[in-house]
Amino acid sequence: MRASERLALATVLVANMRLPIPPGYSHVSAVRVDGGPDVADRYIAEHALAGDVAVTADIPLAALLVPKGVVVLDPRGDEYTVESIGERLSVRNFMDQLRSTGVETGGHAAYGARDKQAFANALDRALTRALRKS
């Protein structure tokens with residue numbers, strides 16, 4: 001949200017619940033969609049345009065956005081690209097299958113200060129690239 005204000009960029013948050021926006025963020029808006037599986041994802045995929053920047057940890061959503069020319073970052077600052085999204089989706093699906101059979105697959109380490117900084121740096125780079133192209 002701070003980057004949105006600093007760069008005067010329209011920013012849209014999408015969820016199936018009310019998302020209160022703190023005062024002072026005039027470029028941030030929220031869209032509430034109906035509840036249900038992947039409703040928010042479908043909304044995002046339908047409304048995202050080439051050149052937009054999206055942040056999501058949802059790899060299937062990223063797989064819908066990347067081919068449209070949307071820059072997609074995960075919350076740890078990793079960018080999903082045309083070259084990487086297929087592999088990332090395959091690994092995600094494989095791990096999901098393992099979990100469904102009862103295999104403990106672990107997960108990410110706790111989100112820490114390094115992750116937060118890596119995300120902030122990646123977001124800054126992605127927004128700078130997007131602004132230069134527009």
Legend entry - Any donor-acceptor N/O pair, Asp52 side chain to Leu49 backbone, under 3.5 Å: yes
Legend entry - Asp58 side chain to Leu61 backbone, donor-acceptor under 3.5 Å: yes
Legend entry - Heavy-atom side-chain contact between Leu13 and Val28 under 4.5 Å: yes
Inset, instruction - For the residue pair Val66 and Thr81, establish whether any side-chain heavy-atom pair is separated by less than 4.5 Å. - result: no
Inset, instruction - Heavy atoms only: give me the nearest Ala62-Ile85 pair and the separation to one decimal. - result: CB-CD1, 3.8 Å
Legend entry - Same cluster (ILVMFWY, side-chain, under 4.5 Å), Leu19 and Ile21: yes
Inset, instruction - Decide if atom CZ of Arg99 counts as having more than 12 heavy atoms of other residues, nucleotides or ligands within a radius under 6.0 Å. - result: yes
Inset, instruction - Verify salt bridge (Lys or Arg N to Asp or Glu O under 4.0 Å) between Asp74 and Arg88, making sure each step is shown before the conclusion. - result: CA-CA 12 Å; Asp74 77 4; Arg88 298 284 298 267; 3.8 Å; yes
Inset, instruction - Over all heavy atoms of both residues, which pair between Ala122 and Gly77 is shortest? Give the atoms and the distance, please. - result: CB-O, 3.2 Å
Inset, instruction - Would you tell me whether Asn93 and Gln97 have side-chain atoms, one donor and one acceptor, within less than 3.5 Å of each other? - result: no
Legend entry - Within one Ile-Leu-Val-Met-Phe-Trp-Tyr cluster: Val14 and Leu65, side-chain cutoff 4.5 Å: yes
Inset, instruction - Walk me through it: do His27 and Leu9 pass the test side-chain contact (heavy atoms from CB on, under 4.5 Å)? - result: CA-CA 6 Å; His27 299 284; Leu9 292 173; 5.8 Å; no
Legend entry - hydrophobic_cluster_shared for Leu73 and Leu7, side chain cutoff 4.5 Å: yes
Legend entry - Test item: Tyr111 side-chain N/O and Pro75 main-chain N/O as donor-acceptor pair under 3.5 Å: yes
Legend entry - Under 3.5 Å donor-acceptor, Ser29 side chain and Val12 backbone: no
Legend entry - Basic-acidic side-chain contact under 4.0 Å: Lys68, Glu46: no
Inset, instruction - Please check if Val70 and Val82 belong to a single hydrophobic cluster, counting links between Ile, Leu, Val, Met, Phe, Trp and Tyr side chain heavy atoms closer than 4.5 Å. - result: yes
Inset, instruction - Report yes or no: do Val31 and Val39 belong to one cluster of Ile/Leu/Val/Met/Phe/Trp/Tyr joined by side chain heavy-atom distances under 4.5 Å? - result: yes
Legend entry - Test log, rule side-chain contact (heavy atoms from CB on, under 4.5 Å), inputs Leu127 and Val53: CA-CA 7 Å; Leu127 292 174; Val53 176; 4.0 Å; yes
Legend entry - Separation between CG of Asp96 and CD1 of Ile59, rounded to the nearest 0.5 Å: 10.5 Å
Inset, instruction - Give the minimum heavy-atom separation between Ser26 and Glu5, together with the two atoms involved. - result: N-OE2, 2.9 Å
Legend entry - Sub-4.5 Å side-chain heavy-atom contact between Val55 and Phe119: yes
Inset, instruction - Decide if atom CZ of Phe94 counts as having more than 12 heavy atoms of other residues, nucleotides or ligands within a radius under 6.0 Å. - result: no
Inset, instruction - Test salt bridge (Lys or Arg N to Asp or Glu O under 4.0 Å) on Arg129 and Glu79 and set out the steps. - result: CA-CA 13 Å; Arg129 281 192 328 258; Glu79 184 174 340; 3.0 Å; yes
Inset, instruction - Please determine if Asp124 and Arg6 form a salt bridge, counting it only when a charged side-chain N lies under 4.0 Å from a carboxylate O. - result: yes
